[in-house]
There are 2 protein chains.
Amino acid sequence: MLRLSKFADYGTQVMAYMAKDGAVHSASEVAAGLDMAAATVSKILKMLARDDLVESVMGAKGGYMLARHPQDISMAEIINAMDGPISITECSGTSACTREALCSTRGNWQGINRIIQEALEKVTLAEMIKPKHNDTKHHTHGHHVVDISAIRSRGKSA
Amino acid sequence: MLRLSKFADYGTQVMAYMAKDGAVHSASEVAAGLDMAAATVSKILKMLARDDLVESVMGAKGGYMLARHPQDISMAEIINAMDGPISITECSGTSACTREALCSTRGNWQGINRIIQEALEKVTLAEMIKPKHNDTKHHTHGHHVVDISAIRSRGKSA
DNA sequence: CCGAACTGGGACTATTTTAGTCCTAGTTGG
DNA sequence: CCAACTAGGACTAAAATAGTCCCAGTTCGG
């Protein structure tokens, strides 16, 4: 369906770890706490810092801390920081598209993109930490929701 | 941000092409009309057929045709057919997670997933074909929408 | 019947992304 | 100064994606 990089997941974990308090944590400390490779966590933290989701403190005794309160950080920001603002299609109205009818569908992808973006902006880190996420404000009428558990089942049987 | 395979895009194009009429089109014809490699289109069509989005007619003079009316086909179905029901995280409550706090965030990913899924279910192929997609029913208040044009700009400058 | 035109379903290869590691610099506390 | 950290890449390894090809089965038309 939709694919989110593992980094987005890692990033969220790291952010969740740091959300426990406002203290400064070194990369190695977070790595130990999260049972991940130090180098990897370090990389993640750098990415998060680049997008101002965490603040860095240099030098000995340095480390990182959440730049804002968990309720002021959206999932869209975290995903953005980790995966970059990658969108659905490539053609941004530049070229490649020879046909009119085709490009029209392209433009519509962006509408879809925006919808997803908005949905992600509504979910905060604070909510992600809570034991169970109970939506922000979404009408969950009985739509036939697709099963989410079937990972990697590219080869369908039906 | 979110990544959709190129196949999802191709699949949509193919579906859009076939939506022009209810006739039978061979893979090579679609390929020619869409200016894509025949083998690739053939593969796409097979995938779409497997999920009953198009119906196949075997033998000479055979080909594919839309299985339903464009307004009865959702983008979620097309994307699903092409990319499979891939979800955000891997752990489906099975194992790997040692920590409580971590897994709690995992569960919440699924909520997000559902939101996206629902959004995609509301957009039909018929709407995708229209010159400009004017949303289904989404409040587009002035949210700071992330720029969509910046493709592949993993290295941010800000 | 036979051959041409198609689909069905893979296998297979190439290419691009993604993930993960490491190295050199710069900063700060003791 | 030295030790503990972050900054920012470069680099390598692994995996997913995209794309091609092949062989089998089906149907139309002569």
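Please read these numbers as outputs of a predicted model, since none were measured by experiment. Excluded from the calculations below are hydrogen atoms, water molecules and symmetry mates; all remaining heavy atoms, backbone and side chain alike, are included. Order of the sequence lines fixes the chain letters, A, B, ..., with proteins taken first and strands second; residue numbering starts at 1 for each chain.
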Enquirer: What is the distance, to the nearest angstrom, from the NZ atom on B:K6 to the C1' atom on C:dA14?
Expert: 13 Å
Enquirer: Salt bridge (Lys or Arg N to Asp or Glu O under 4.0 Å), that's the test. Do B:E77 and B:R68 meet it? Break it down for me.
Expert: CA-CA 12 Å; B:E77 290 178 285; B:R68 275 170 275 149; 3.1 Å; yes
Enquirer: Quick one, B:D21 and B:M65 - any side-chain contact, counting heavy atoms below 4.5 Å?
Expert: no
Enquirer: A:D9 has an atom CG; how far is it from atom C1' of C:dG20, in whole Å?
Expert: 16 Å
Enquirer: Mind checking whether A:I79 and A:M82 have side chains closer than 4.5 Å, heavy atoms only?
Expert: no
Enquirer: Tell me whether the side-chain N/O atoms of A:Y10 come closer than 4.0 Å to OP1 or OP2 in C:dA19.
Expert: no
Enquirer: Produce the list of close N/O pairs, under 3.5 Å, pairing protein atoms with atoms of nucleotides 3-7 of chain C; give distances to one decimal.
Expert:
from  : atom 1 : to    : atom 2 : distance (Å)
C:dA5 : N3     : B:A60 : N      : 3.3
C:dC6 : O4'    : B:G59 : O      : 3.2
C:dT7 : OP1    : B:A27 : N      : 3.0

Enquirer: Ignoring backbone atoms, test whether B:S5 places a side-chain nitrogen or oxygen under 4.0 Å from the OP1 or OP2 oxygen of D:dA18.
Expert: yes
Enquirer: What's the CG-P distance between A:L34 and C:dG20, to the nearest Å?
Expert: 13 Å
Enquirer: Round to the nearest Å and state the distance from A:D83 atom CG to C:dT18 atom P.
Expert: 7 Å
Enquirer: Main chain of B:M58, side chain of B:S56: is a donor-acceptor contact present, judged purely on distance under 3.5 Å?
Expert: no
Enquirer: To the nearest angstrom, how far is B:I44 atom CD1 from D:dC21 atom P?
Expert: 16 Å
Enquirer: B:K61 and B:V24: which non-hydrogen atoms are nearest, and at how many Å?
Expert: O-CG1, 4.3 Å
Enquirer: Taking A:S42 for its side chain and A:A38 for its backbone only, find out whether a donor-acceptor pair lies under 3.5 Å.
Expert: no
Enquirer: Starting from C1' on C:dT21, measure out to NZ on A:K43 and report it in whole angstrom.
Expert: 9 Å
Enquirer: Within this structure, what is the CG-to-P distance between A:L53 and D:dT6, rounded to whole angstrom?
Expert: 17 Å
Enquirer: In whole angstroms, how far is the P atom of C:dG20 from the CG atom of A:D35?
Expert: 13 Å
